[in-house]
Number of protein chains: 2
Amino acid sequence: MNPTIYDVAREAGVSMATVSRVVNGNPNVKPTTRKKVLAAIERLGYRPNAVARGLASKKSTTVGVIIPDISSIFFAELARGIEDIATMYKYNIILCNSDQNKEKEIHLINTLLEKQVDGIVFMGGEITDEHAEQLRRSPVPVVLAATIDPKEEFPSVNIDYKQAVNDAISFLTEQGHKRIGMLSGPLEDPINGYQKFAGYREALEQAGIAFSEDLVIIGDYTHDSGVEAVGTFMSLAQPPTAIFTSNDEMALGVIHGAQDSGRSVPEDLEVVGFDDTRLATMVRPTLSTVVQPLYDIGAVSMRLLTKYMNKEEVSEHTVCLPHRLESRGSTKSLS
Amino acid sequence: MNPTIYDVAREAGVSMATVSRVVNGNPNVKPTTRKKVLAAIERLGYRPNAVARGLASKKSTTVGVIIPDISSIFFAELARGIEDIATMYKYNIILCNSDQNKEKEIHLINTLLEKQVDGIVFMGGEITDEHAEQLRRSPVPVVLAATIDPKEEFPSVNIDYKQAVNDAISFLTEQGHKRIGMLSGPLEDPINGYQKFAGYREALEQAGIAFSEDLVIIGDYTHDSGVEAVGTFMSLAQPPTAIFTSNDEMALGVIHGAQDSGRSVPEDLEVVGFDDTRLATMVRPTLSTVVQPLYDIGAVSMRLLTKYMNKEEVSEHTVCLPHRLESRGSTKSLS
DNA sequence: GTGAAAGCGCTAACAG
DNA sequence: CTGTTAGCGCTTTCAC
């Protein structure tokens, strides 16, 4: 049996309350007493029981993190941002993969709440009414990271996805491209589908270019789907001269698919990705892409959560981080 | 205030014990009673408090995972394997990044133990004496994943790194290569340095090829360090005709560095990586690499941990998973 | 500056 | 099949 606070108290010849005070750094303890207690702790190899502490204090110093897939290079980076800030504020993280599955997500929220987490960072697809209902019932604060809440009911941290894509496409139209392909995620996906698609259409419209359905392909975010998509694009009667993809991995696929069929990037085809994951510099030519500050989104979300957990006043409920276009080898001109 | 088991008991007109029984699926409850309790739970929106349960039952259904860096494509894959199996066995995961820093690692072990985790999966560099001492004090089982314990004191899941590298190098020598470069991790790293280096030397020796110091460069596992290393290798009086790298990312760097200087892979230079992360098929030519079952290493570690946690008999304390060489475009011949 | 005592919400004998 | 009763190990008033 591990020694308890009671054992330490006895060993040190003081009360449990006093031991508790020194363990928690309460200054109202005479230095001599503190010393005695510390010695007893050392002698016994006492290790405070955080579960008991949690029950008594109603705080677990643990936050829940719901993430679609930790093995994704995209989410893993976000997770790292979250974890670093959590550590900084002395919180631990319970990490759960949801695979963006609504049932799982809702179930996980519940599990985390049962475990008495002090807050939750949620990353997922869309916040549906069912999600919202569940989240509203949460006795602890929830922050959405890289996740759109159509009603802006919950605190969230994002970039302006629509504008970001608009920037990317506008960059391309300014270079004179008239036929710009878009390799999108499923349109139901609020960020990678809907928002980005909206940015694409908006930019075309602003440039006075007619929208053509042929030029939009729905991918599944994988390299393979990029390879496949270029094939389809290139077999068009009027193939695109530039392609934008909603993530970097598909962009690599597009580059490779183009090269496989003897085309060269950026001469024959310019390519712009999205995210600026580490992949972007791990291709030749290097990938021009929209920089989304993944780590920061995670870090800021967690920081925001700490504010809510401490019941601090928060000025902005919905934070929007800056993005920019990083021009590299897969596009011709320098921006 | 959230309703407690006591509130539910009162609402349903039964005792706490009965409520506890239905919540825990104990069959010794009359169906009628069960129904009443369930209804009360529903009505009150009761959510069991896992912390209280943990205190009373001395089980947290939570396991700790110490990982060097979750944002690494390598470890993220391991983590996913761990998490999936944990979920399967109804455990949650407290995830902690250690950056392979010994002090952090030891501190994290302690924190996890304070939080009363039921077990720990540890991934890290080396198990030093200090680590061992700390781990020995753990009241709960610990399993090492992709981590070498020189004394084989703790349960672990790995592949035979030395043999795996030997296989890769032997494949190259069999193709007639006499000068094979190795882009290694720091030699102090027990797996990526020491073990792999040993496999390299062994294979050369078996092939009757003299070892040459020029042909070993220490990298830092990044793409850039691969690019840089080829530069150095190629400026040698007698440059290597094939290069083995201890991870895939450096291999991509090697390929790109070679291509940047006008060489073609595999014609002018053959390249073999290690890990078979998703990167391997995201380059041109695609990367021949040693397949290490990352997800499985994570999954098996977690499975092993569940056995220890359940006090089941375990036949093999130290498990060694199979590896193989996947031949792709960066080497000439098919194996 | 220190101690006594009452819980925190639940499980786990033990009775009945 | 159900209820009673101790705790689990700690925090937190409230006294002194």
Side-chain angles (χ1 to χ4, degrees), chain A residues 1-38 40-41 44-62 90 110-111 113-118 139-140, chain B residues 1-38 40-41 44-62 90 110-111 113-118 139-140:
Chain A
M1 207 58 216
N2 280 328
T4 71
I5 199 173
Y6 177 77
D7 299 322
V8 176
R10 194 157 32 81
E11 174 83 11
V14 299
S15 73
M16 285 165 55
T18 301
V19 177
S20 175
R21 289 192 186 94
V22 352
V23 168
N24 292 295
N26 183 319
N28 296 333
V29 180
K30 212 198 307 176
T32 342
T33 320
R34 178 184 308 280
K35 210 146 262 165
K36 270 194 306 188
V37 173
L38 255 16
I41 287 179
L44 265 42
Y46 168 70
R47 179 186 288 136
N49 179 326
V51 170
R53 176 183 298 186
L55 183 60
S57 68
K58 302 184 164 312
K59 284 183 298 169
S60 60
T61 60
T62 302
K90 312 279 188 214
N110 250 298
T111 306
L113 260 16
E114 285 186 6
K115 296 234 165 162
Q116 309 302 117
V117 295
D118 296 333
V140 297
Chain B
M1 208 55 217
N2 279 329
T4 71
I5 200 172
Y6 177 76
D7 300 320
V8 176
R10 194 156 33 79
E11 174 83 10
V14 299
S15 74
M16 284 166 56
T18 301
V19 177
S20 176
R21 288 191 187 97
V22 351
V23 167
N24 292 297
N26 184 318
N28 298 332
V29 181
K30 210 199 308 177
T32 342
T33 321
R34 179 186 307 281
K35 211 147 261 168
K36 270 196 306 191
V37 172
L38 255 14
I41 287 177
L44 265 40
Y46 168 71
R47 179 186 287 135
N49 180 327
V51 170
R53 175 183 299 184
L55 183 58
S57 69
K58 301 183 165 314
K59 284 183 298 170
S60 61
T61 61
T62 301
K90 313 280 187 213
N110 249 300
T111 306
L113 261 16
E114 285 187 5
K115 296 235 166 162
Q116 310 300 119
V117 295
D118 296 333
V140 296

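Lettering follows sequence order; numbering is per chain, from 1. All values derive from a computational prediction rather than experimental measurement. Because only heavy atoms are used, hydrogens play no part in the values below, and waters and symmetry mates are left out as well, while side chains stay in.
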With 3.5 Å as the limit, what N/O pairs link the protein to nucleotides 3-5 of chain C?
from	atom 1	to	atom 2	distance (Å)
C/dG3	OP2	A/Ser15	N	2.9
C/dG3	OP2	A/Ser15	OG	3.1
C/dG3	OP2	A/Thr18	OG1	2.6
C/dG3	O6	A/Arg21	NH2	2.6

(request) If a pair satisfies side chain to side chain donor-acceptor pair (under 3.5 Å) and one of its residues is in residues 21-34 of chain B, list it, with sequence neighbours excluded. (result) B/Ser20-B/Asn24

Grab the [atom1]-[atom2] distance between [X] and [N] for me, whole Å please.
{"X": "A/Tyr6", "N": "C/dG7", "atom1": "OH", "atom2": "P", "value": "20 Å"}
{"X": "B/Arg47", "N": "C/dC10", "atom1": "CZ", "atom2": "P", "value": "12 Å"}
{"X": "A/Asn28", "N": "D/dT11", "atom1": "CG", "atom2": "P", "value": "15 Å"}
{"X": "A/Asn26", "N": "D/dC10", "atom1": "CG", "atom2": "P", "value": "17 Å"}
{"X": "B/Gln116", "N": "C/dC10", "atom1": "CD", "atom2": "C1'", "value": "16 Å"}

(request) List in chain and number order the residues that pass side chain to side chain contact (heavy atoms under 4.5 Å, CB included) with B/Pro139, two or more places apart in sequence or in another chain; answer none if no residue qualifies. (result) A/Asn2, A/Arg47, B/Leu113

(request) Return the set of residues passing side chain to side chain contact (heavy atoms under 4.5 Å, CB included) with A/Lys35 (not counting sequence neighbours), or none when no residue passes. (result)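 Side chain to side chain contact (heavy atoms under 4.5 Å, CB included) list for A/Lys35, sorted by chain: empty.
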
(message) Counting only heavy atoms and a strict 4.0 angstrom limit, can you tell me which residues of residues 48-57 of chain A come near DNA chain C?
(response)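 DNA chain C contact set from residues 48-57 of chain A: A/Leu55, A/Ala56.
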
(message) Rounding to 10°, can you tell me the angle the first-five-pair axis of the helix from C/dG1-D/dC16 to C/dG16-D/dC1 makes with its last-five-pair axis?
(response) 30°

(request) Answer with base, sugar-phosphate or nothing: what part of the nucleic acid does A/Ser20 contact at a heavy-atom distance below 4.0 Å? (result) base

